[in-house]
Structure formats: structure tokens, C-alpha cells
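Reviewing the structure listed below.
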Amino acid sequence: MGNLCCCVQVDQSTVAIREQFGKFDSVLEPGCHCMPWMLGKRVAGHLTLRLQQLDVRCETKTKDNVFVNVVASIQYRALSGKASDAFYKLSNTRSQIQAYVFDVIRASVPKLILDDAFEQKDEIAKAVEEELEKAMSAYGFEIVQTLIVDIEPDEHVKRAMNEINAAARLRVAANEKAEAEKIVQIKRAEGEAEAKYLSGLGIARQRQAIVDGLRDSVLGFSVNVPGTTAKDVMDMVLITQYFDTMKEIGASSKASSVFIPHGPGAVRDIATQIRDGLLQGSSVSHH
């Protein structure tokens with residue numbers, strides 16, 4: 001019996017194709033099988049049922065005339081129920097799948113511009129998977145998953161895209177910087193305006209206090225010294241301010257020199273000039 005028959009072992013996740021006198025006989029599942037070679041039976045080959053992956057690199061052109069390399073990853077496996085079709089109908093499964101991938105990618109990508117190709121890679125993968133599933137199911141293969149893993153434009157195109165992106169970011173940064181400087185200038189101008197406004201209020205209050213003080217001095221002096229008029233009191237106040245100013249100029253530590261004409265009648269002339277100036281200013285304001 002040992003010369004008339006022999007045993008064949010089929011590994012897990014694998015099937016064997018048995019022929020009798022060169023004709024397909026049956027599919028052998030994993031395990032040990034008798035193979036009576038005297039009856040013309042033999043194992044024609046083995047077919048794996050494991051999930052396989054094929055990476056396909058396809059060069060094509062986008063709608064805006066940019067050449068890109070599209071890398072597609074195809075995951076497929078043979079169906080145990082159609083093992084005979086998978087074994088006999090295709091002589092080179094990987095080349096057949098690659099041809100279909102080339103056909104679909106080169107029909108889909110030229111309809112898209114480069115930016116849309118990156119955004120719609122899932123749609124490209126779906127189109128490839130549908131076409132492969134329709135074609136390969138007749139040969140006993142199942143397409144499990146199709147992925148577009150990379151879309152790589154020419155190096156010069158990538159450099160240009162990076163430069164465009166960098167220029168756009170620099171433009172945004174320049175706009176933000178200009179806007180910040182604008183805000184700083186506006187705030188500075190508002191601060192200066194507020195400072196000048198407050199300074200003006202201070203000067204106005206200072207002058208008002210001086211006027212009130214002068215008025216009180218004139219009234220008090222006229223009451224305490226009988227026979228004096230308001231003019232005499234004003235002359236005396238102006239002369240006092242004149243001498244105070246002379247004292248401050250003399251006490252100053254600055255290296256500048258100020259020449260002021262001075263004589264016995266200078267005080268009277270200065271008082272007259274100040275009084276005339278005040279009267280003229282009052283006259284102009286009334287008109």
C-alpha cells in the first residue's frame with residue numbers, strides 16, 4: 001500500500017489544488033490528505049489564504065499640470081470558495097492588480113488640481129477599491145482595503161508650495177504687527193491728549209487761583225489802608241512780582257545771562273506796560 005499511495009500535508013491558511021491526469025480535481029483544505037499518484041492524482045500547487053499587501057507607485061499629472069507620484073496600498077486575499085479560479089485564471093495576480101490601479105489613478109487624478117488631490121485622496125482610494133473589487137471578484141480574490149498612503153509632487157513644486165505658504169504667513173504676521181503698532185500709536189495719542197487736557201485744567205485752575213488771590217489782596221489792602229485805590233494796589237502787586245522774578249533769575253544756577261534794562265523809573269515803566277497790556281487784552285476780548 002505504501003507504494004500505491006502517499007500522504008500530503010497542507011498548512012494552515014493555505015489550500016492545495018489537486019489534479020487528476022492534468023485536470024482540476026478538488027481543493028484540499030489544511031491537514032493531511034492521501035494522494036494516490038498511481039491513479040493520476042497530484043498536487044498542482046498551493047494557494048495562500050492570508051491577507052496580502054501590494055504597494056503600487058503610480059506617476060500621473062494633475063489638472064493644473066503638476067506631476068505627482070501616488071502610492072496606493074492594496075490589501076487583498078484569495079477566497080477559499082473560489083480557490084480554483086484564483087489559481088487557474090490569473091498567471092500573475094500582483095501585475096494584474098497593479099494594472100487596474102494604474103488605470104483608475106490615471107483616470108481620477110487628472111480631473112483634480114493638486115490641492116484637491118490631497119483633500120480627496122479618500123475618494124481616489126474608494127474609486128480604486130470599487131474598480132478592483134468588480135474586476136478581481138471574477139478571479140476569486142477579495143479586495144479588503146485600498147489606501148492612498150502618499151501623494152508626492154515634484155521636489156521643485158514642493159519647494160514652491162512651501163515658499164508660498166511661508167510668504168502667506170509672513171504677510172499675516174506683517175499685518176498683525178502693523179495692527180499692533182497702530183493700536184500702540186492710538187493709545188499713545190489718546191494718552192497725550194488726556195495729559196494735555198489735564199495739564200490745561202491745571203493751568204486754568206492755577207490762573208483762576210492767582211486771579212482769586214489778587215482780588216482778595218486788592219480788596220483786603222483797600223480796606224486796611226484808607227485812601228488807596230485798586231490801581232495803587234495792582235501796581236504794588238505787579239512790582240512785587242517783578243522783584244520776585246528778578247530774584248529767581250539771579251538765584252538760577254544756569255550758565256546763561258539775561259540783560260534787563262533797569263533804572264529808577266524802570267519799575268514805574270514796567271507797571272505801566274503790564275497794566276496797559278492787561279487793559280488792551282481785556283478790550284480785545286470784549287470786542
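Index from 1, following the sequence. All values derive from a computational prediction rather than experimental measurement.
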Are Val66 and Lys61 side-chain neighbours, meaning at least one heavy-atom pair lies under 4.5 Å? no

Without placing hydrogens or testing angles, list every side-chain donor-acceptor pair under 3.5 Å for residues 193-201, not counting sequence neighbours.
none

Looking at NZ of Lys187 and CD of Glu192, how far apart are the two atoms once the value is rounded to the nearest 0.5 Å? 14.0 Å

Should Leu147 and Ile151 be counted in the same cluster of Ile, Leu, Val, Met, Phe, Trp and Tyr side chains packed under 4.5 Å apart? no

Inter-residue atom distance Ile183.CD1 - Glu190.CD, 0.5 Å rounding: 10.5 Å

Side chain to side chain, Asn175 and Arg171, heavy atoms closer than 4.5 Å: yes

Which distance, rounded to the nearest 0.5 Å, do you find between the OG1 of Thr146 and the CD of Glu131? 11.0 Å

Quick check: do Gln75 and Leu51 have side-chain heavy atoms less than 4.5 Å from each other? yes

Taking Leu39's backbone N and O only, do any of them form a donor-acceptor pair with Gln20's side chain (distance below 3.5 Å, no angle check)? yes

Are the side chains of Asp103 and Arg106 in contact, using a 4.5 Å heavy-atom criterion? no

Rounding to 0.5 Å, atoms CG (Leu54) and OG (Ser73) come to a distance of 8.0 Å

Is the closest side-chain heavy-atom distance between Val68 and Leu114 below 4.5 Å? yes

Would you say Phe67 and Thr60 make side-chain contact, with heavy atoms under 4.5 Å? no

Any sub-3.5 Å donor-acceptor pair from Asp11's side-chain atoms to Thr14's backbone N or O? no

Euclidean distance, Glu119 CD relative to Ile113 CD1, rounded to 0.5 Å: 8.0 Å

Pair Arg57, Glu152 - check salt bridge (charged side-chain N to carboxylate O under 4.0 Å, His left out), show working. CA-CA 10 Å; Arg57 188 180 186 89; Glu152 183 180 356; 3.3 Å; yes

Which distance, rounded to the nearest 0.5 Å, do you find between the CD1 of Ile105 and the SG of Cys58? 5.0 Å

If two hydrophobic side chains count as joined below 4.5 Å and joins carry through other members, does Phe87 share a cluster with Leu28? no

Using a 4.5 Å cut-off on heavy atoms from C-beta on, say whether the side chain of Val10 contacts that of His33. yes

Note, Val128 side chain near Ile74 side chain (heavy atom, < 4.5 Å): yes

Would you list the atom pairs, donor with acceptor, under 3.5 Å between side chains in residues 136-143 and any protein atom, with sequence neighbours excluded?
unit_1	atom_1	unit_2	atom_2	d
Ser137	OG	Glu133	O	3.0
Ser137	OG	Lys134	O	3.4
Glu142	OE1	Arg77	NE	3.0
Glu142	OE1	Arg77	NH2	3.4

For Glu59 and Asn69, what are the C-alpha separation, side-chain angles and deciding distance, and is it a side-chain contact (heavy atoms from CB on, under 4.5 Å)? CA-CA 4 Å; Glu59 184 181 23; Asn69 287 310; 3.3 Å; yes

With a 3.5 Å cut-off and no angle check, do the side chains of Arg18 and Ser26 form a donor-acceptor pair? yes

